[in-house]
Amino acid sequence: MDILFISKYIVVIALMIMMLAALRASAYKSTSMGLLGSSVVVNAFAVALLFMGDLYNLGFFRDISLALIFFGFVGTVAFAVVLGGDDE
C-alpha cells in the first residue's frame, strides 16, 4: 500500500473523532458553543468528503464540499449577527 493512501484514511478517522468532540462541545447550554460545534462538524464533514471522494472516485464531491463550507460559514455569520443584537 502507498503511504499517501494510508494517510488519507488516518485523516478521515481523525476528522470523525473531531466531529464527535464538536458534537460533545455543542451539547453545552450556551448558544455560542452550539454554534461553534455545528460549524466544526460541517467543516470536518466537508474535508472528509473531499478525502473520501478522492479515494473512491465519487462524482460531484468537490461541488458538494464547497457548498457545505460556503453555506456553513454564511449561516454561522448570519446567526451570529442575529444573536448579537444592536451595536448601539
Side-chain angles (χ1 to χ4, degrees):
M1 282 192 146
D2 188 22
I3 188 71
L4 183 61
F5 187 73
I6 295 170
S7 67
K8 286 182 182 181
Y9 277 113
I10 291 172
V11 168
V12 169
I13 291 169
L15 286 169
M16 288 180 190
I17 293 170
M18 187 172 84
M19 280 190 241
L20 289 174
L23 285 174
R24 172 73 171 100
S26 65
Y28 289 122
K29 292 183 180 181
S30 67
T31 308
S32 60
M33 288 302 289
L35 185 63
L36 177 70
S38 65
S39 178
V40 168
V41 167
V42 167
N43 287 330
F45 181 73
V47 173
L49 183 64
L50 282 174
F51 280 112
M52 295 305 286
D54 188 39
L55 284 173
Y56 294 115
N57 295 327
L58 300 175
F60 300 109
F61 66 92
R62 287 185 190 98
D63 300 333
I64 295 170
S65 179
L66 183 64
L68 278 172
I69 290 173
F70 178 71
F71 289 129
F73 175 73
V74 169
T76 302
V77 170
F79 188 72
V81 167
V82 169
L83 190 66
D86 295 329
D87 289 326
E88 295 178 21

How many angstroms lie between atom [atom1] of [X] and atom [atom2] of [Y], to the nearest 0.5 angstrom?
X     : Y     : atom1 : atom2 : answer
Phe60 : Leu66 : CZ    : CG    : 14.0 Å
Leu58 : Ile64 : CG    : CD1   : 9.0 Å
Leu23 : Met18 : CG    : CE    : 11.0 Å

Below 4.5 Å, heavy atoms only, C-beta onward: do Phe73 and Asn43 meet side chain to side chain? no

Can you check whether Met52 reaches Phe61 side chain to side chain, under 4.5 Å on heavy atoms? no

Would you kindly confirm whether [X] and [Y] end up in one hydrophobic cluster when ILVMFWY residues are joined by side chain heavy atoms under 4.5 Å apart?
X     : Y     : result
Val12 : Ile10 : yes
Ile6  : Phe51 : yes
Met19 : Ile17 : no
Tyr56 : Phe45 : yes
Val42 : Leu20 : no

Around atom CZ of Phe70, are there more than 12 heavy atoms from other residues, nucleotides or ligands closer than 6.0 Å? no

Can you name the nearest heavy-atom pair linking [X] to [Y], along with the distance?
X     : Y     : result
Ala48 : Leu15 : N-CD1, 3.6 Å
Ser38 : Ser26 : N-CB, 4.4 Å
Leu49 : Ser65 : CD2-N, 4.0 Å

Using the side chain to side chain contact (heavy atoms under 4.5 Å, CB included) rule, take Leu55 and Tyr9 through it: C-alpha gap first, then chi angles, then the decisive distance, then the call. CA-CA 9 Å; Leu55 284 173; Tyr9 277 113; 4.0 Å; yes

Counting only N and O atoms by type, is there a donor-acceptor contact under 3.5 Å from the side chain of Ser39 to the main-chain atoms of Leu35? no

